[in-house]
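Read the structure below first, then the notes.
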Amino acid sequence: MPSSPIDVLSRHLERVTICDPLSDLPTLAEVLDAIPDPRSRRGRRYRLGPLLALALLAVLGGATSLAKITRFIAGYDPELRARIGLPGPVRLAASTLGRLLARLDGDDFDAATCAYLARLAAAPPATGTNGTNGTNGTNGTNGTNGRTALLGLAVDGKTLRGSRTGDRVTHLLAATRHDTQTVMAQAQVAAKSNEIPAFTPLLSGLDLTSVVITADALHTQHEHARQIVAAGGHYVFIVKGNQPTLLRRLKALPWREAILNDRTDETRHGRREIRRMKICTVRPGLPFPHAAQAIQVKRRRTNNATGKTTIVTIYAITSLHPGQITHAHLAGLIRGHWSIEALHHIRDVTYREDACTMRTGAAPRIMASLRNLAIGLARLIGWTNIAAATDHYRSHPTDALQLLGLTT
């Protein structure tokens, strides 16, 4: 029985070599079974862990609704369901599953699944020709010149639009690794305007040593910077009009005299994008805690179809000191922040998250967490195209079962 879902990659994908999979990792069903069960013991027909594990595999195979998840679970072989802990015929209604998800504790669910993903992400990366988990400038350095490897962690929020009922809507704030798109922590907040007070408790349970937190302008807050540095981490924050004095100081720096530190030229998604980065060592008196360098990024984007060109200038600050990382790595951290936006895009497009109309209790959040878990697992075992991964596991359910340690 495999001890880690990472080792199934060699069976699902070609030309990829896995090194030293984790030996002491519990199975996914065991992790989910440890979540507090909100149901009374009397009349409890199905164990929570196996039921949630099969729901996850349904999501991994592209299920986007409760009805599809229940059909997926009912379609498994009875002997297999018995082995996982669901004996007898399964007559699970979508409404029954919905009530269960609504009553689960979202904080407990996220704590368990994010910790599981964190342990998987800490395993030695896969290497191969498909480009997964390769060196992209956001995952760290190679240790040359005595530099310490640094991990990028993006913090951003997302509204589950389909969960809206009147003035109430589910809004989630998450911290996601740049390199693997695995969600390390997630919390529910009342609205986007409430993300700021949720920032500190979101990161409080994480080890920020050798971690660089990236965030958009909403989280460019003094207390956030102090918290990150006090915890042993670093930050790269975008600066916009919500910090007018700081933005004015940054614009006034001698950018014309500054040398060009990094330049990238990429053509993809029907457009060409040129990014030019300059760095200024911060002058004394810059009104932001622990700010060591100021950054200017000019982004020139040309639409290949229309020929239209747009130029955007972005300002940022970082607690990283000159020479602490390479200029290319710093530029990669700024670009890498948008990996969390890519995660949101996958949830919306591949899993139709915004079209999901679950509105009761914790159900919208639990479904979002199942999508995070499915995407994280797919990334960690080597998939670069999540739509292709869902097609594969829908057509090859035995491969998906290996993630539960049920097959060899």
Side-chain angles (χ1 to χ4, degrees), residues 129-139 152 154 156-159 161 176 178-179 181 192 214-220 236-244 246-248 250-280 293-318 326-355 375 379 383-391:
T129 59
N130 67 344
T132 305
N133 288 342
T135 302
N136 59 7
T138 64
N139 189 25
D156 196 19
K158 185 182 188 300
T159 298
R161 292 182 175 85
T176 305
H178 288 192
D179 56 344
Q181 286 186 332
K192 185 174 180 63
T214 62
D216 58 19
L218 177 66
H219 294 292
T220 305
V236 176
F237 287 162
I238 302 299
V239 179
K240 293 184 178 179
N242 62 324
Q243 293 283 348
L246 178 60
L247 180 60
R248 187 167 59 251
L250 291 178
K251 288 183 176 181
L253 291 173
W255 296 110
R256 290 184 180 275
E257 290 76 29
I259 64 171
L260 181 66
N261 298 109
D262 186 77
R263 182 183 185 276
T264 59
D265 189 339
E266 297 179 340
T267 301
R268 57 182 178 177
H269 304 302
R271 61 177 180 252
R272 180 187 181 190
E273 184 172 281
I274 300 174
R275 299 171 66 96
R276 298 162 54 90
M277 184 184 75
K278 293 183 176 182
I279 303 173
C280 277
Q293 298 183 89
I295 306 164
Q296 181 197 68
V297 177
K298 282 189 177 291
R299 187 179 64 209
R300 181 187 180 94
R301 181 178 293 171
T302 302
N303 187 303
N304 293 340
T306 65
K308 181 179 179 181
T309 298
T310 58
I311 300 176
V312 177
T313 301
I314 300 169
Y315 294 95
I317 51 173
T318 180
T326 65
H327 295 152
H329 187 193
L330 181 57
L333 286 168
I334 297 173
R335 291 195 307 273
H337 176 72
W338 304 113
S339 62
I340 194 169
E341 297 291 345
L343 173 66
H344 296 166
H345 179 76
I346 292 169
R347 280 162 48 182
D348 285 338
V349 175
T350 303
Y351 292 103
R352 302 182 61 198
E353 183 167 85
D354 279 351
I375 295 168
R379 292 294 192 209
W383 290 97
T384 57
N385 186 315
I386 299 301
T390 60
D391 289 343

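Owing to the predicted nature of the structure, the values given are computational and were not obtained by experimental measurement.
With hydrogens and angles disregarded, a donor-acceptor distance shorter than 3.5 Å links the side chain of N242 to the backbone of A217.
Atoms CG and CD1, from L253 and I279 in turn, are 12.5 Å apart once rounded to the nearest 0.5 Å. Atoms OG1 and CE, on T264 and M277 in that order, are 9.5 Å from each other to the nearest 0.5 Å. Taken to the nearest 0.5 Å, the CD1 atom of I334 stands 10.5 Å off from the NE2 atom of H178. To the nearest 0.5 Å, atom NE2 of residue H327 and atom CG of residue D262 are 8.5 Å apart. Once rounded to the nearest 0.5 Å, the distance linking NE2 of H337 with OG1 of T176 reads 9.5 Å. For the atom pair CD (Q243) and CG (L218), the distance works out to 10.5 Å, reported to the nearest 0.5 Å.
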Original post:
Passes side chain to side chain contact (heavy atoms under 4.5 Å, CB included), L330 versus V236? Steps please.
Top reply: CA-CA 9 Å; L330 181 57; V236 176; 4.2 Å; yes

**OP:** Kindly indicate, with the supporting measurements, whether the criterion side chain to side chain contact (heavy atoms under 4.5 Å, CB included) is fulfilled by K158 and D348.
**Re:** CA-CA 11 Å; K158 185 182 188 300; D348 285 338; 2.9 Å; yes

**OP:** Tell me, with the steps shown, if I346 and Q181 meet side chain to side chain contact (heavy atoms under 4.5 Å, CB included).
**Re:** CA-CA 11 Å; I346 292 169; Q181 286 186 332; 3.8 Å; yes

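Nearest heavy atom pair, residue I295 against residue W255, reads C-CH2, 3.7 Å. Taking each heavy atom of R379 and N385 in turn, the nearest pair found is NH1-N, 3.9 Å.
When each of R300, R301, R299, R263 is tested with R275 by the rule side chain to side chain contact (heavy atoms under 4.5 Å, CB included), just one qualifies, namely R299.
With sequence neighbours excluded, no residue satisfies ring-ring contact (aromatic ring centres under 6.0 Å, His included) with Y351. With sequence neighbours left out, R268 forms a salt bridge (charged side-chain N to carboxylate O under 4.0 Å, His left out) with E266.
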Show the atom names and distances, to 0.1 Å, of all donor-acceptor pairs under 3.5 Å that link a side chain in residues 309-317 to residues at least two apart or in another chain.
unit_1, atom_1, unit_2, atom_2, d
T309, OG1, T302, OG1, 3.0
T313, OG1, K298, NZ, 2.9
Y315, OH, Q296, NE2, 3.4

